[in-house]
Amino acid sequence: MLRRTLDPSPAVRAAVLVAVFLVSGAMLAYQVLQVVVLGLQLFPEAAFLVVSLSMLGLGCGGSLATVLARRLAPADLAGPLLWSAVRFPAAMLAAMIFTSRLHTLLPLILLSALPYVFAGLFLSLLFAVWGERAPEIYFSDLLGAGVGCAVMVGLLDRLGDAGAVTLALTMAAALAAVLVTAVLSSRRMALAGLLLVVSLAAFRDSRLFAFGPGPEKFYGQLLAKGERGGFAVRNVWNFLGRVDAFDVGPAIGEYEFARKAVNVMEAGSAFRLLFINGYNWTFSVDFRGHADDVRPIFDRWVQSVPYLFTNAPEVLNLGSGGGVDVYLAVKNGARSATAVDINGLMIEATTRWYRDDWDGLWKRPNVSVHEVDARTFVNTTDRRFDVVTLNAVDTAATQSSLLSTNFLYTTEAFQRYFHVLRPGGVIFLTRPRPQLLRAVTAAVDALQERGITDVGRHIVVLEDSDLLSAAIYADPLTAAQVATFEEQVRSGALDAKLVYAPGLELGSNLASDYFAALRAGHLTDFEQRHRVPTDPATDDEPYFYQVEPSFFGSVASQLLALLLVLLVGVGIVLILVPLLRIQLPSRNRLLAGHFAYFGCLGLGFMRV
């Protein structure tokens with residue numbers, strides 16, 4: 001029999017408050033998990049989307065609770081309260097199972113919002129049924145949310161499996177359902193208990209989930225090619241996302257940007273890709289006794305440029321990834337190589353899973369690895385280096401990769417790189433074409449703040465396939481050094497094309513035109529001609545990936561507009577439609593003002 005009221009006894013009070021704690025903890029932990037999962041299923045910037053999805057579902061649950069509270073007597077709300085508690089864990093599990101198999105935006109929005117509908121309905125109805133205990137409910141809600149966020153990090157790091165974490169959260173929410181059922185209807189405890197037992201039985205059954213990258217991603221394309229593309233060796237999750245180790249097949253040669261992998265494999269070595277959230281990638285190489293055969297291939301790589309004028313340098317590699325830059329440093333006679341990476345799982349992959357790759361690189365006494373973000377390291381270290389490299393480094397960890405921000409390529413970042421650089425040292429970086437220019441503008445700004453006027457004499461830009469690389473020197477380049485660059489490229493010693501060097505006429509291109517415009521003071525004309533911005537990213541405006549002249553009309557603005565239309569449309573259906581037939585109190589004549597206020601807050605958040 002269903003009890004129509006909540007007994008005020010201490011046992012009931014404790015059971016209900018523990019249930020609130022578990023529901024809120026599971027809900028917030030699930031939200032963090034969604035940030036990580038949607039980074040793999042969709043794109044890393046899905047961190048923004050998850051906040052909207054949770055608010056959308058909670059708002060819908062609140063609207064449904066309002067409808068029920070207006071249409072039912074308080075004593076009749078116990079039934080919906082019970083069923084919302086039971087359906088929350090079921091919806092959470094079902095939504096993640098389907099999410100792991102989807103890569104389309106609208107279905108993912110609807111599915112991802114579903115669990116929050118039942119969580120919002122449960123909490124809203126509980127406030128309506130037990131209003132006199134509102135402060136205690138709210139306290140348990142906040143406490144559970146805080147603990148859930150903290151526990152989530154440990155769960156993902158310990159279990160290393162998003163599916164197992166989903167089941168753990170489902171068990172926590174199912175236990176809350178058992179407690180609520182015990183309070184309201186002991187006869188119906190079997191249903192909630194069954195859900196808990198099913199979650200326990202399925203805990204290690206990975207077949208429930210099929211997480212994987214979207215077909216448009218490089219990783220997804222390789223998987224679609226079957227054996228020709230290669231095969232996944234292992235994948236492990238942590239709170240920053242998923243790292244996949246992938247042994248490539250012959251189809252890798254179909255991609256121009258990865259053609260060097262074929263050269264390495266033809267020399268007898270194994271080439272292994274390491275994907276972060278199925279999006280950004282790096283690689284590791286097992287020489288298999290063919291180190292001498294592979295070495296000439298790496299000698300021609302443009303990433304060897306920083307060692308042209310060094311002798312036993314001390315090297316700082318920011319974003320060490322799979323280790324190629326650390327290998328190049330050691331191969332070129334580095335006295336020490338300091339590797340920095342924010343992702344502990346990537347460090348584990350290189351130093352433990354594949355510790356023998358790169359001819360035992362990670363076992364060398366002159367190689368050290370630090371798990372910390374690059375800016376924190378350069379802001380706190382007392383050491384000085386001869387070479388600083390950051391090649392194709394992105395903050396791809398989901399919580400850190402926000403739409404268009406990157407603090408590694410701001411003016412302030414380059415000021416710190418120059419601070420840890422010894423006289424005569426060099427900063428070397430590789431990026432896609434427009435992004436490389438964006439980074440160079442920050443380096444130029446940092447050089448100018450150091451009192452250097454002819455900044456063009458400090459920089460050389462090279463082209464390799466679809467990527468540009470820049471060598472940015474602390475001291476101005478001499479004519480002999482420029483001639484060395486020219487000879488290295490002309491002779492084929494460097495597998496690259498020189499697109500800018502001080503004093504050389506290399507034709508019109510993005511880099512040479514920029515430095516010509518910088519010298520002449522015609523940057524506005526350059527922007528209009530090439531349709532790129534020349535103002536550097538800063539820590540106050542770290543929108544590094546905004547490589548179009550204006551935000552409006554850019555790809556980012558189109559994506560935000562699409563999300564706005566989808567979420568507003570779904571929000572109207574899920575939140576406002578249930579309230580249409582509800583008579584609102586007269587004081588809600590200010591409802592339109594409330595909508596305008598919160599709408600402006602939302603738009604402002606998206607714009608920022």
Side-chain angles (χ1 to χ4, degrees), residues 298-320 324-340 374 377-378 381 383-393 408-409 411 413-431 436-437 439-452 454-464 467-489 493-496 498-504 511 515:
F298 286 106
D299 286 340
R300 297 193 299 273
W301 280 33
V302 70
Q303 283 76 25
S304 294
V305 160
Y307 309 104
L308 286 176
F309 313 119
T310 61
N311 181 28
E314 292 191 74
V315 179
L316 172 62
N317 174 220
L318 302 175
S320 55
V324 62
D325 292 304
V326 181
Y327 166 73
L328 289 173
V330 172
K331 187 181 76 68
N332 284 280
R335 186 164 65 254
S336 69
T338 302
V340 174
F377 185 87
V378 297
T381 186
R383 295 183 59 189
R384 296 296 179 265
F385 301 89
D386 303 292
V387 175
V388 176
T389 63
L390 53 164
N391 292 314
V393 181
L408 299 180
Y409 303 100
T411 296
F414 277 96
Q415 288 172 346
R416 293 304 305 175
Y417 302 154
F418 282 116
H419 178 74
V420 301
L421 196 66
R422 291 193 178 107
V426 58
I427 301 167
F428 188 86
L429 61 150
T430 301
R431 303 291 313 173
L436 189 280
L437 179 67
V440 166
T441 61
V444 165
D445 200 33
L447 284 168
Q448 290 174 335
E449 292 193 10
R450 293 169 67 89
I452 297 170
D454 192 2
V455 294
R457 293 183 60 200
H458 292 251
I459 300 173
V460 170
V461 181
L462 301 105
E463 177 185 78
D464 176 24
L467 300 175
L468 292 180
S469 297
I472 305 164
Y473 289 85
D475 299 333
L477 287 158
T478 65
Q481 288 174 320
V482 173
T484 298
F485 272 106
E486 196 172 21
E487 173 59 23
Q488 289 278 314
V489 171
L494 279 177
D495 187 13
L498 201 57
V499 295
Y500 172 76
L504 297 184
F515 284 104

Set out, in order, the CA-CA distance, both residues' side-chain angles and the distance that settles side-chain contact (heavy atoms from CB on, under 4.5 Å) for Tyr409 and Val393, then state yes or no.
CA-CA 10 Å; Tyr409 303 100; Val393 181; 3.7 Å; yes

Minimum heavy-atom distance between Gly424 and Asp475, given as atom pair plus value
N-OD2, 2.9 Å

Indicate yes or no for a side-chain donor-acceptor contact from Arg384 to the backbone of His419 under 3.5 Å, with no hydrogens or angles considered.
yes

Considering only heavy atoms from C-beta outward, does the side chain of Val444 approach that of Phe414 to under 4.5 Å?
no

Which class fits the ring pair Phe298 and Tyr327: parallel under 30°, tilted 30 to 60°, perpendicular over 60°?
perpendicular

side-chain contact (heavy atoms from CB on, under 4.5 Å) between Phe485 and Leu504: does it pass, once the steps are laid out?
CA-CA 11 Å; Phe485 272 106; Leu504 297 184; over 6 Å; no

With ring centroids as reference points, do Phe385 and Tyr417 lie under 6.0 angstrom apart?
no

Scanning both residues in full, the closest heavy-atom pair of Ala413 with Leu408 reads CB-O, 3.6 Å

Between atom CG of Asn332 and atom CG of Asp299, what is the distance when rounded to the nearest 0.5 Å?
7.0 Å

Trace of the side-chain contact (heavy atoms from CB on, under 4.5 Å) decision for Ile472 with Leu429:
CA-CA 9 Å; Ile472 305 164; Leu429 61 150; 3.6 Å; yes

Calculate, to the nearest 0.5 Å, the distance between atoms CG and CD belonging to Leu436 and Glu463 respectively.
10.5 Å

Looking at every non-hydrogen atom in both residues, tell me the closest pair between Val305 and Leu494 and how far apart they are.
CG2-CD1, 3.6 Å

Can you check whether Val324 reaches Gln303 side chain to side chain, under 4.5 Å on heavy atoms?
no

Is there a side-chain contact (heavy atoms from CB on, under 4.5 Å) between Ile452 and His458? Walk through the geometry before answering.
CA-CA 9 Å; Ile452 297 170; His458 292 251; 3.4 Å; yes

From OG1 (Thr411) to CD (Gln448), nearest 0.5 Å
9.5 Å

Hey, are the side chains of Pro502 and Ile459 touching, using non-hydrogen atoms and a 4.5 Å cut-off?
no

Can you find a heavy atom in the side chain of Val426 that is under 4.5 Å from one in the side chain of Phe309?
no

Judged by atom type as modelled, is there a donor-acceptor pair below 3.5 Å linking the side chain of Asn391 to the main-chain atoms of Thr430?
yes

Evaluate the side-chain proximity of Gln488 to Ser304: yes if any heavy-atom separation is below 4.5 Å, no if none is.
no

Could you measure the distance from the CG atom of Leu462 to the CG atom of Leu467? Nearest 0.5 Å is fine.
12.0 Å

Looking only at heavy atoms, the pair that brings Pro313 and Asp386 closest together is CA-OD2, 3.4 Å

Min side-chain heavy-atom separation Tyr307-Val315 under 4.5 Å
yes

Are the side chains of Val440 and Phe515 in contact, using a 4.5 Å heavy-atom criterion?
yes

Contact check, side chains of Val378 and Leu318, non-hydrogen atoms, under 4.5 Å
yes

For Gln481 versus Pro476, what's the shortest heavy-atom pair and its separation?
OE1-O, 4.1 Å

How many angstroms lie between NZ in Lys331 and CH2 in Trp301, if you round to the nearest 0.5 Å?
11.0 Å

Separation of Phe377 CZ from Arg383 CZ (nearest 0.5 Å)
6.5 Å

How far apart are the closest heavy atoms of Leu421 and Val387, and which atoms are they?
CD1-N, 4.2 Å

